[in-house]
Amino acid sequence: MTSATARIGAGPAMRRPRRRRRLVAWLFIAPLAIVNLLVIGGPGLSSLLFSFTDWDGLGQANFVGIDNYVELFQSPNVLAAIWHNLLWTLFFLIVPISMALLGAFLLSRLRRGQVLFRTLYFIPYVLATIVSATVWRQILSPDAGIGAALANLGFDGLAGVNFLGDPSLALGSVAFVNNWQWWGFLLVLFLAAMQGVNPALYEAARLDGANAWREFWHITLPGIRPTLMFLVLMTVIWSFLVFDYVYILTQGGPAGSSDVLATVLYRTAFSEQRAGYASAMAMLLSSISAVVVAGYLILRKKLDWDV
């Protein structure tokens, strides 16, 4: 009885320090939570409310119900922009991730010079977007860019090609430029993840006669799965939020051939002064991101991803 009574009496006493620690933790988190609530939650709620109005950004906002959303899904420009976002997402899920995985695996096998290559690949990512986009706009210029330079050397294959002015090439050219900056960042992250894989697994695989491909497929990929799945998730979200390179290089042209949702939203809000309709587009972008995150969390739980 005495020991049982002691345990019962000790229960509340043990719970008090836990409550105190939780309270201290919440006190430290509270300032950041309040800032996020004001900076993110407030504007987000305002955008949701304005998406049901015909607000022009300055005057009075009149309630129009779901008219903005109906127009949104009937607009050829918006539907074309969504299609371009999907193509952009597909490109960035395949090309930069494949390049980064291959490059990181090859670099992980180097004994010397790894830091130098890692730095060189990471440099484009730290450059300001406006700087790299301006440089690439000159490189892709049909008059003074790479095509003209090669033509002067006798190679006329790219002479006169307007990479950013041809509707069939504009979106792909912008994606190429963005990939130039992006894939090195992925490579550095993948390389860091690969360095955390147990080296004993590779030694055991080599003793069993595994070649480099089998090592990559059966050891490296499973070992970096948390990093890979996180970057796949972020790539999908960032692909639907892409704006800077498209706007700087083409502004969505020519004739909307490189428009994405963010550039259409920007023009709608600031050029056409239809802030209510643009808010509906913003809600669409937020909904897409929410669906992607929810799908990722469901798959993570079902497949037991250790992320």
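Values below: all heavy atoms of this structure, side chains included; hydrogens, waters and symmetry mates excluded. Along the sequence shown, residues are numbered consecutively beginning with 1.
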CA sep, side-chain torsions, deciding dist, call: T227, F190, side chain to side chain contact (heavy atoms under 4.5 Å, CB included)
CA-CA 7 Å; T227 302; F190 284 140; 4.2 Å; yes
Which atoms form the tightest heavy-atom contact between S108 and F105, and what is the distance?
OG-O, 2.6 Å
What is the minimum heavy-atom distance between V246 and T263, and which atoms define it?
CG1-CG2, 3.7 Å
Decide yes or no for W182 and W238: does some side-chain heavy atom of the first lie under 4.5 Å from some side-chain heavy atom of the second?
yes
Closest non-hydrogen atom pair, A170 against S258
CB-CB, 4.2 Å
Measuring from atom CG of L265 to atom CG of L284, what distance do you get when rounded to the nearest 0.5 angstrom?
9.5 Å
Is it the case that over 12 heavy atoms from other parts of the model lie below 6.0 angstrom from the CZ atom of R214?
no
Hphob cluster co-occupancy, L228 + M234, side-chain heavy atoms under 4.5 angstrom:
yes
Can Y245 and T129 be counted as having a side-chain donor-acceptor contact under 3.5 angstrom?
no
Working to the nearest 0.5 Å, report the span between CG of N178 and OG of S173.
12.5 Å
Assigning hydrophobic clusters by single linkage (Ile, Leu, Val, Met, Phe, Trp, Tyr; side-chain heavy-atom cutoff under 4.5 Å), is V177 placed with V126?
yes
Report the C-alpha separation of Y69 and F73 in whole Å, then their side-chain angles, then the decisive distance to 0.1 Å, and conclude whether the ring-ring contact (aromatic ring centres under 6.0 Å, His included) test is met.
CA-CA 6 Å; Y69 291 94; F73 290 102; 7.6 Å; no
Please examine the side chains of N179 and M99, heavy atoms only from C-beta on, and report whether any two atoms are closer than 4.5 Å.
yes
About how many Å separate CD1 of I219 and CE of M194, when rounded to the nearest 0.5 Å?
12.0 Å
Inter-residue atom distance L191.CG - R118.CZ, 0.5 Å rounding:
5.5 Å
Any L102 side-chain heavy atom under 4.5 Å of L106 side chain
yes
Just do the ring-ring contact (aromatic ring centres under 6.0 Å, His included) check on W180 and F176 with the steps written out, would you?
CA-CA 6 Å; W180 171 83; F176 172 84; 8.9 Å; no
If we check side-chain contact (heavy atoms from CB on, under 4.5 Å) with F52, which of these qualifies: I66, N68, V64?
I66
Would you mind reporting whether T53 and N62 have side-chain heavy atoms less than 4.5 Å apart?
no
Which is it for W88 and F91 under the ring-ring contact (aromatic ring centres under 6.0 Å, His included) test, yes or no, and what are the steps along the way?
CA-CA 5 Å; W88 189 280; F91 175 86; 7.3 Å; no
With a 3.5 Å distance limit and no angle check, can you tell me whether R137 reaches the backbone of I248 through a side-chain donor-acceptor pair?
yes
Is the shortest side-chain N to carboxylate O distance from D259 to R267 below 4.0 Å?
yes
Side chains of F240 and L86, heavy atoms from C-beta outward: is any pair under 4.5 Å?
yes
Examine distances only and state if a side-chain atom of S271 and a backbone atom of T268 form a donor-acceptor pair shorter than 3.5 Å.
no
Just wondering, are more than 12 heavy atoms of other shown residues or ligands nearer than 6.0 Å to CD1 in I146?
no
Linking I/L/V/M/F/W/Y whenever their side-chain heavy atoms sit closer than 4.5 Å, directly or via other members, would V293 and V291 fall into one cluster?
no
Sub-4.5 Å side-chain heavy-atom contact between L150 and D156:
no
Working to the nearest 0.5 Å, report the span between CG of L101 and CG of L187.
9.0 Å
Shortest non-hydrogen contact from L186 to A100?
CB-CB, 3.5 Å
Do M229 and Y296 touch side chain to side chain, with heavy atoms closer than 4.5 Å?
yes
S168 and D166 side chains, donor-acceptor separation under 3.5 Å
yes
Side chain T119, main chain V115, donor-acceptor under 3.5 Å:
yes
Ignoring hydrogens and geometry, is there a side-chain-to-backbone donor-acceptor pair from S141 to Q138 under 3.5 Å?
no
Parallel, tilted or perpendicular, judged at 30° and 60°: which one describes the rings of F122 and Y125?
tilted
Keeping D56 on the side-chain end and G59 on the backbone end, is there a donor-acceptor pair under 3.5 Å?
yes
What class does the angle between the rings of W217 and W213 fall in, given that below 30° is parallel, 30 to 60° is tilted and above 60° is perpendicular?
parallel
Taking the side chain as C-beta and beyond, is there a heavy-atom pair between V174 and L164 under 4.5 Å?
yes
Among residues two or more places apart or on two chains, list those pairs meeting side-chain hydrogen bond (donor to acceptor under 3.5 Å, both in side chains) that have a residue in residues 183-203.
Q114-Q195, Y202-T220
If hydrophobic clusters are built from ILVMFWY residues whose side chains come within less than 4.5 Å, do F270 and V264 share one?
no
Co-membership, hydrophobic cluster, residues L127 and L120, 4.5 Å side-chain:
no
Please report the interatomic distance CG(D67) to OH(Y277), rounded to the nearest 0.5 Å.
11.5 Å
In terms of the angle between their ring planes, are Y247 and F243 parallel, tilted or perpendicular, with boundaries placed at 30° and 60°?
parallel
Worked check of side chain to side chain contact (heavy atoms under 4.5 Å, CB included) between Y121 and L107:
CA-CA 11 Å; Y121 289 135; L107 278 182; 3.8 Å; yes
Minimum heavy-atom distance S257-L171, with the two atoms named
O-CB, 3.9 Å
Side chains of residues 22-50: which donor-acceptor partners sit under 3.5 Å, not counting sequence neighbours?
{"residue": "N36", "atom": "ND2", "partner": "L32", "partner atom": "O", "Å": "2.8"}
{"residue": "S46", "atom": "OG", "partner": "G42", "partner atom": "O", "Å": "3.0"}
{"residue": "S47", "atom": "OG", "partner": "P43", "partner atom": "O", "Å": "3.0"}

Looking only at heavy atoms, what is the nearest atom pair of P254 and G165, with distance?
CG-O, 3.2 Å
